[in-house]
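Here is the structure we will look at, set down as structure tokens.
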Amino acid sequence: MRILVTGGAGFIGSALCRHLISDTAHEVVNLDKLTYAANLDSLKSLDGNPRYRFVKADICDRAAVDAVFREHKPDGIIHLAAESHVDRSIDGPGEFIKTNIVGTYTLLDIANAYVRDGHKSFRFHHVSTDEVYGSLGDTGEFTEETPYAPNSPYSASKASSDHLARAWHHTFHLPVVMTNCSNNYGPFQFPEKLIPLVLLRGLEGKELPVYGKGDNVRDWLYVDDHARALALVFEKGVDGEKYNVGGHNEVANIKVVETICALLDELAPKAFKHRDLIRFVQDRPGHDKRYAIDASKIERELGWKPRETFETGLKATVAWYLENRWWWEAIQARYSGQRLGLAKKA
Ligand code: NAD
Ligand code: TDX
């Protein structure tokens, strides 16, 4: 199939493009606006591949997206393009409303017309997050039936886009599948997110900012496990269904940071212990306490299972950043002085 991937120059989208080209026979058309979070260096391994094409376009630009549908005639879309960083959504929600809500609406509307035009087997895979379910207490997990309770401008914009995708299926019978995944980590992640931020700051001997008491819990999934889940749901998921994706790796933030410090002590030893760089700083406003995903539906119905544990995945991630300085040094050069690596003050 020819799959239109939106946001394919981002962290998860680039892992998906690499997976689709390396491990399947599908063709990929990658549509991306190339915001600050995008990085074509993450797709270098696909350069020149006849099954891969890149188009620079904004998902809010109806004429541009229409032209991509007309020219490439995709068999389906896996829609990942989004503004994705919670802290940025607190500083400036506007772009989140535009891209995540209006952009998703634009794609749904164009896909719907395309299906009515005769492309009956077209499928729309909407990629979402566990954050739409809100925050958990000390126990329990999010299932596909958990009511939505988004708390940040980011998660509210993602929840809105999920509701639009659901409604386009219900009202217009657009063939839609949806996935809601937990926190991803792994190679090629932009270093504003917790794991690469701590890793790179640790390598440079800079302070490591931990929000609040560090007792917030996230459920971590290695990005390549997510990419395999996305391809599987796109190929075999049932129209109108949603699937939670997660790795059963609930870890408190302080434990994540301490584990990275221990790995840096082992793989890139310095005269000091990396954990001495940890600083507890002002908490994120509205900070969700705990996320945990019940992924039994995708495991049971589609046979998906994560391959990496948090231990193996995190070690592979630290090793990758140590071996691929070219990738992140280019980002640091481009964005020095901006949010990247900026620690909030205690
Ligand atoms: P990212 O920020 O790394 O990448 C997003 C990509 O979308 C970038 O390449 C960017 O240029 C592109 N983009 C942004 N606005 C666009 C627009 N208007 N038009 C076209 N392209 C645009 O994000 P990510 O972490 O790879 O997340 C990808 C998707 O997965 C998002 O929808 C996110 O909500 C979801 N998700 C992320 C995680 C996670 O832990 N990172 C977990 C679950 C779900
Ligand atoms: O410097 C930091 N210090 C810190 O303690 C940063 C950047 C984060 N944190 C905390 C906040 C969170 O509890 O670490 C946790 C993870 O933070 P992020 O990496 O910003 O991720 P999160 O807010 O959990 O959201 C991520 O997972 C779900 C992605 O950014 C979303 O796109 C995805 O939907």
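Fair warning: this is a prediction, and the values are worked out from it, not measured in the lab. Ligands are counted one by one from 1 in listed order, and the atoms in each one are counted from 1 as well.
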**Message:** Looking only at the side chains, is there a donor atom on one of S42 and W327 sitting less than 3.5 Å from an acceptor on the other?
**Reply:** yes

**Prompt:** Would R88 and D91 pass as an ion pair if we require N to O under 4.0 Å?
**Reply:** no

**Pairing of D61 and K33 as salt bridge, 4.0 angstrom limit** = no

**Asked** In terms of ring plane angle, is the pair Y148 and Y133 parallel, tilted or perpendicular, where the classes change at 30° and 60°?
**Response** perpendicular

**Fill in**
Heavy-atom contacts under 4.0 Å to ligand 1, chain-then-number order, include exactly G7, A9, G10, F11, I12, D32, K33, L34, T35, A37, A38, A57, D58, I59, L80, A81, A82, S84, T99, V127, S128, T129, Y154, K158, C181, S182, N183, N184

**Asked** Within the structure, does L197 bring an N/O atom to less than 3.5 angstrom of an N/O atom in ligand 2?
**Response** no

**Message:** One thing to verify: whether D87 and R284 come together as a salt bridge, which I'm taking to mean a side-chain N less than 4.0 angstrom from a carboxylate O.
**Reply:** yes

**Proximity of L194 to ligand 2 by residue part, where a heavy atom lies under 4.0 Å** = both

**Request:** Determine, considering heavy atoms only, which of H287, R88, E131, E83 sits nearest to atom 13 (O) of ligand 2.
**Result:** H287

**Request:** Assess E192 for proximity to ligand 2: is some non-hydrogen atom of it under 4.0 Å away?
**Result:** yes

**Salt-bridge present (R279, E207; N to O < 4.0 Å)** = yes

**Message:** Let's go through S84 and K193 carefully: what are the C-alpha distance in whole Å and the side-chain angles of both, what is the deciding distance for side-chain hydrogen bond (donor to acceptor under 3.5 Å, both in side chains) to 0.1 Å, and is it a yes or a no?
**Reply:** CA-CA 10 Å; S84 71; K193 304 279 164 72; 2.9 Å; yes

